[in-house]
Amino acid sequence: MYSYDEYDQKLLDQRVAQFRDQVRRRIAGELTEEQFRPLRLRNGLYLQLHAYMLRVSVPYGTLSSRQLRGLGHVARHYDRGFGHFTTRTNMQFHWMKLEHVPDALADLAKVQLHGIQTSGNSLRNVTADHLAGVAPDEIEDPRIWCEIIRQWGALHPEFSYLPRKFKICIIAAPHDRAALRIHDLALRLHRNEAGETGFEVMVGGGLGRTPFLAKTIREFLPKRHLLSYLEAVLRVYNQLGRRDNLWKARIKILVHELGVQKFTELVEAEWQDVKDGPVEVSEAEVARIAAQFSPPNYEDAPTFTREFDELRLNDLGFARWLRTNVGGHKQPGYAIVTVSLKPPGGTPGDITAEQMDAVADLADRYSFSEIRVTHAQNLVLPHVRRADLPVVWRALAALGLATPNIGLASDIICCPGLDYCSLANARSIPIARRLTERFDDLSRLHDLGELKIKISGCINACGHHHVGHIGILGVDKNGEEYYQVTLGGSEDLNGALGTILGPAIHADRIVEAVETLIEIYVALRRDGERFLDTYRRVGLAPFKERIYAPA
Amino acid sequence: MAKVVKNPAAQVVTANRLRDGAVVYLVADGSWSTNVSEGAVARDTVTAERLMAAGNQAAADQVVVGPYLIAVAVKDDRVEPLGTRERIRALGPSVSERPAA
Amino acid sequence: MPLLKNGEAIADTWQHVAAGEAVPPAGPVVVPFERWKAEREALLARNTPLGVRLPNAQNVGELAADLGRLELIVLEFPKFVDGRAFSQARVLRERYRYRGELRATGDVLRDQLQFMQRCGFDAFEIAAPNAAEIWRAAVNEIDVFYQPAADDRVPAPRLRRSA
């Protein structure tokens with residue numbers, strides 16, 4: 001994975017010193033809150049319901065064990081001993097104190113972490129899918145290009161005051177594991193008919209009040225033109241995006257209002273002027289960065305060992321965990337382990353400092369010191385020898401991180417909601433907890449199969465409810481918490497936005513309602529159908545009738 | 001978003017403390033407390049305006065950020081904020097912060 | 001209006017013509033873009049320095065042909081969050097090779113000065129009681145840059161190649 005050189009580290013150190021001075025000026029009264037607010041947001045520091053919240057960037061969801069320990073250190077020394085992973089694979093600390101943040105940022109800078117541009121109307125964390133570099137179906141590691149954009153976009157003088165935030169995602173496989181099309185700009189590496197590798201460029205995705213899926217504006221962009229094309233897109237957006245209405249300021253609205261064709265023409269015209277210019281990434285720089293994403297020194301590892309075979313046959317728990325939390329690796333003899341941060345009754349995505357340290361240790365011993373963060377708020381150990389799976393499983397189980405539920409009903413995506421977030425209208429975490437407690441029975445959970453439930457506490461949709469098989473949106477009705485349910489959303493390349501089921505349901509009845517939806521699925525499903533498949537076949541009506549049937 | 005209770009019978013000024021972000025309530029002596037029951041209660045518009053002026057001055061003095069009035073119910077010696085959001089601000093998150101084992 | 005240029009607070013010697021006002025007969029004048037379009041010939045016939053003020057929604061390409069005759073272009077930041085003028089500035093400098101003074105006006109934050117300078121601005125309408133100190137802090141606090149812009153700083157990727 002990428003390791004900072006002197007330039008990267010110097011920028012970070014200077015940024016920390018700059019913010020330290022800005023905090024000093026704020027506390028001394030030389031800056032008003034209005035002047036300070038954009039400055040702290042550009043370092044990822046929010047003022048939330050209870051305290052300051054610091055959002056630390058985890059570039060393309062990749063962490064070294066040293067970095068994970070660094071996050072644990074911040075949790076322990078500056079926060080309440082835990083952190084929260086978000087749907088953008090970043091980490092949030094919910095109990096920070098302003099006067100300590102410069103020190104926390106200095107400590108993070110020592111492990112090459114920061115909060116730069118995790119907020120504000122700028123280029124945000126460029127994400128990839130959590131299996132980048134190890135998935136069998138990938139043609140190239142997309143994180144090379146994430147890192148190229150990350151650097152180019154950091155403290156960009158022209159694009160730091162965009163109409164609104166700008167989120168980019170890159171994948172390099174035919175399967176989308178990163179919810180590609182809900183991003184402002186989505187890039188898919190693929191081969192054209194001539195066998196060249198390039199990007200399909202999609203623009204205008206985003207959830208929130210007016211959700212859209214990104215549309216293709218260019219089928220094939222040669223890799224060497226990535227930055228010039230991005231500059232063209234951003235310049236058109238910077239100049240034409242709405243500035244008068246916060247709810248209409250994302251690029252998705254501009255694409256919608258101009259139409260894809262007109263928008264594309266503007267971008268292509270702008271591109272002619274910057275193409276092949278100084279902005280283009282040099283081959284030398286691509287090679288330098290690509291070299292840091294070369295695979296680790298894999299061993300010649302056996303696919304199965306006796307211990308593994310016996311455990312799989314004799315231990316139902318291990319067998320279940322293999323089925324849901326372990327995936328195939330492109331290197332024979334290796335596997336990809338998902339570390340579940342979704343224990344029954346827990347807060348989705350939360351992790352304690354102790355758990356962070358322990359996972360870092362496991363990564364050192366069993367995964368070449370590398371960890372990934374998924375947009376579903378789980379972690380991944382990306383390079384585990386199959387022979388080591390039993391010992392890794394036992395270690396994770398002892399930490400409470402081996403719930404065999406990845407992709408199942410209790411693997412819920414959930415924003416912090418009204419318990420923490422000043423934007424929220426309703427709480428989300430208690431709903432997630434109550435639901436996961438209902439799915440405590442593992443045989444039932446496994447029988448239900450793939451079921452993606454996503455919960456947001458407000459229309460900003462940080463919980464991605466629009467693309468959940470079952471989506472739940474918290475709303476405030478007359479001062480009480482209600483929940484609007486959508487069905488049939490999906491976040492893969494054939495993405496879809498969920499359909500509203502009916503009037504919002506009171507907090508006291510929402511968990512029962514979700515149970516009822518699942519009962520209907522079980523009653524109607526045919527062989528092999530997931531919830532989503534059954535819904536697509538029978539439609540909304542059977543679900544709607546039962547939920548809203550007169551008592 | 002903060003919801004406004006129409007014609008609240010009793011109000012208290014709340015804010016976040018600048019240095020640590022803690023939720024605080026304006027006390028009658030001009031100090032700020034993390035305990036809502038120590039908050040000065042305004043039962044009429046004039047008092048509410050006077051308390052808000054003090055809150056705004058504290059913001060200008062770099063003590064707090066973003067002061068505003070909230071509706072409360074007063075029961076014996078306890079002050080209870082009205083509404084889910086303000087109850088959560090006063091009492092903390094409604095969920096425990098250790099993951100279930 | 002207080003003006004920061006070359007690290008100093010200086011006086012503004014330009015006359016800014018507002019809408020509906022007559023253009024002063026002598027001296028350097030800055031006119032709004034609409035006036036420039038309407039009175040271009042007359043203005044070009046003057047033997048004085050000329051400047052144009054562009055609204056931040058204006059496509060700068062419409063002024064391209066006249067850039068060689070202009071010594072001042074004034075761009076606007078109506079609110080500091082409105083960053084359209086950053087793009088206008090870069091296009092003026094890099095695509096059209098404008099060489100005159102490029103001035104940032106409006107809600108100009110101290111903490112944006114370096115971004116503005118990198119985009120090609122060389123004069124800033126900002127109250128700077130300690131101008132030299134503010135300027136020095138603004139342009140020196142960060143001295144690693146990842147991307148080329150309208151300035152002549154060498155971005156890190158190029159520095160790496162020559163290492």
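Proteins come first, then strands; the chains are lettered A, B, ... in the order of their sequence lines, and each starts at number 1.
- At a 4.5 Å heavy-atom cutoff, A:Ala426 makes no contact with chain B through either its backbone or its side chain.
- With a 4.5 Å cut-off on non-hydrogen atoms, B:Val95 touches chain A through its backbone and its side chain both.
- A side-chain contact (heavy atoms from CB on, under 4.5 Å) with B:Leu51 is found for one member of B:Val46, B:Val13, B:Val12 and no other, namely B:Val13.
- Of the listed residues (A:Glu33, A:Glu481, A:Lys97, A:His50), the one with the most heavy-atom contacts under 4.5 Å to chain B is A:His50.
- No side-chain donor-acceptor contact under 3.5 Å links A:Thr338 and A:Asn378.
- In this structure, the portions of A:Ile27 lying under 4.5 Å from any heavy atom of chain B include both its backbone and its side chain.
- For chain B, no part of A:Met53 is nearby; none of its heavy atoms comes within less than 4.5 Å.
- Within the 3.5 Å criterion, the main-chain N or O of A:Cys421 finds no donor-acceptor partner in the side chain of A:Gln48.
- No salt bridge links A:Asp476 with B:Arg85; every basic N to acidic carboxylate O contact stays at or beyond 4.0 Å.
- If you tally non-hydrogen atom pairs under 4.5 Å between each of B:Gln62, B:Arg89, B:Arg19 and chain A, the highest count goes to B:Arg19.
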For the pair A:Asn325 and A:Ser340, evaluate side-chain contact (heavy atoms from CB on, under 4.5 Å) and give the outcome as yes or no after the intermediate values.
CA-CA 8 Å; A:Asn325 296 27; A:Ser340 174; 4.0 Å; yes
